[in-house]
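A, B, ... follow the sequence lines: proteins, then strands. Residue 1 opens every chain.
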2 protein chains.
Amino acid sequence: MNQNFTNDIIDALSIDCLIFGFQDSKLEILLVKHAEGIIKGSWALPGGWVMYNENIDDAAYRILNELTGVHHLYLEQLHAFGDVERYPGKRVITIAYIALTKPENYQLIPGFTASDAKWVDVKKIRELPYDHKLILNAGLENLKRKVRYEPIGFNLLPEKFTLLQLQELYEAILDIKLDKPNFRRKIMNMNLLISCNEKQKGVSHRAAKLYRFDKEVYDNLTKKGFNFEL
Amino acid sequence: MNQNFTNDIIDALSIDCLIFGFQDSKLEILLVKHAEGIIKGSWALPGGWVMYNENIDDAAYRILNELTGVHHLYLEQLHAFGDVERYPGKRVITIAYIALTKPENYQLIPGFTASDAKWVDVKKIRELPYDHKLILNAGLENLKRKVRYEPIGFNLLPEKFTLLQLQELYEAILDIKLDKPNFRRKIMNMNLLISCNEKQKGVSHRAAKLYRFDKEVYDNLTKKGFNFEL
DNA sequence: GATCTTGTTGTCAAATTGACTATAAGGTAG
DNA sequence: CTACCTTATAGTCAATTTGACAACAAGATC
């Protein structure tokens, strides 16, 4: 009883993963190169079939890991996409999952139906197969909304980071410029950051203080929500 | 080619609808009594199978209408529920949809697999079959989050309403008490309401002014979002 | 006409915001 | 070694928004 939805009962349910990373002040997503199937050779979101005896959340973790080697991150369901003609020839409904993570934490290991995997700057993506561009846009919208009422950054930034890095993360997601002193004031008033009493190294200008998130405050704000008008 | 996902290829994809209404200052949802199947006689969310050649969004409208007679409302996808054991005996994934509407606009007409339909006070619901209680809770959380960054009320309140009615709607959804003068000030500053230059009738106290939503401002705020800390 | 209920307006101190200015702390180029 | 980059960080200030109320208004009912 480990049949795939592909084979026996269903050919209709898949998962696609939208994994966001933040590198060099840019927002990126993880793509894989398909090693087989109707879009062999194309770069697309990591995705695959849900198995018959597998919770969909579990399927998302398994699929992502099989295709890219990425593991241990917090995947959240984004949306189900189920238009009749979204997949050529068959009726396939897909459930998209979204996660935020640190690219530098992983060595990408393509596997299963993926011959390669890489991080791509979100702004440079023009098209994607199937309705994956639609899924990406939905994910970006979701992120933009989320940053306004939940803290983010914990999964995207290194353990120790500067205020400017955090600001640039917000700027990349919201696609706007922010005022530095005001951003600093607002974020500091939330009591979310703890100073590491350390400074940045290897920069050719005044080094900034390093901060880390206060896990307790962070989780609390994630649950209760807050407001971050910018 | 009008096969059901139930019969031929899939027995796995269903839709469940969470329809919220607001009546007598109370938040309610629409339930149907199952006329057949394994939970015959029980009250549950209106739901059914997605057909092979049908977009999932379309399926949601069709199913809701077939079961309850309710039509012409704005259904939005909430979440897909796909735990292996959520449905007895079979592997069924369901996609939940959510909508806000005015109960008094409809005469409920149970049909298809529903022998009856009614509105039920959300606070009085103790249990529901399958994982429908889980779905209801997810919907309530979604609503609580939504009212903080989007205007609501347009679909839930009568065309003309008093400020107190609007406030009670927020109170019902958020399950908190609000300060009347401050609520009034905050909502009025949004330029969202237009005075009807009319007064409430048939109340045994001072009659309140009636307002209606400014559709243009409303739609604009829905798109751009705003902040309503309360 | 007193009183009850809800509507509506107003007050005020405290907190927050947005738009800045000013100063500090490095590194680097001449 | 000094002038001058660049970025960090602190602070100012008027305008706006908030939260917590008080006060008054308008009917209906006792």
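Distances shorter than 4.0 Å separate none of the side-chain N or O atoms of Lys199(A) from OP1 or OP2 on dA8(D).
Between the NZ atom of Lys209(A) and the C1' atom of dA10(D) there is a distance of 11 Å, given to the nearest Å. What separates CE of Met190(B) from C1' of dT17(D) is a distance of 14 Å, to the nearest Å. If you measure from atom CD of Gln200(A) to atom P of dG26(C), you get 12 Å, rounded to the nearest angstrom. In this structure, NZ of Lys201(B) is placed 17 Å from C1' of dA28(D), rounded to the nearest angstrom. Going from atom CD1 of Ile187(A) over to atom P of dG18(C) covers 14 Å, rounded to whole Å. What separates CG of Leu210(A) from C1' of dA8(D) is a distance of 12 Å, to the nearest Å. Going from atom CG of Leu178(B) over to atom P of dG19(D) covers 10 Å, rounded to whole Å. Rounded to an integer number of Å, the gap from Leu166(B) CG to dG7(C) P is 12 Å.
Under the 30°/60° scheme for interplanar angles, the aromatic rings of Phe161(B) and Phe213(B) are found to be tilted.
No donor-acceptor contact under 3.5 angstrom links the side chains of Asn155(B) and Thr101(B), judged on distance only.
Geometrically, Lys215(B) engages Phe154(B) in a cation-pi contact, judged by NZ or CZ lying under 6.0 Å from the ring centre and within 45° of the ring axis.
Taking both residues in full, the closest heavy atoms of Asp131(A) and Phe81(A) are given as OD2-CB, 3.7 Å, listed atom of the first, atom of the second, then distance.
For dG26(C), the base has no donor-acceptor partner in the side chain of Arg206(A) [N/O atoms by modelled type, under 3.5 angstrom].
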Find every protein N or O atom lying less than 3.5 Å from an N or O atom of nucleotides 10-17 of chain C, and list the pairs.
{"residue": "dT17(C)", "atom": "OP1", "partner": "Lys186(A)", "partner atom": "NZ", "Å": "2.8"}

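In this structure, Met190(A) and Leu221(A) have side chains that are in contact, with non-hydrogen atoms separated by less than 4.5 Å.
If you check dT29(D), dA8(D), dT6(C) against the side chain of His205(B), the one that comes closest is dT6(C).
Crowding of Glu198(A) atom CD: a count of heavy atoms from other residues, nucleotides or ligands under 6.0 Å exceeding 12. Heavy atoms of other residues, nucleotides or ligands lying less than 6.0 angstrom from NZ of Lys123(A) number 12 at most.
Among the atoms of the strands shown, base atoms are found under 4.0 Å from some heavy atom of Lys180(A).
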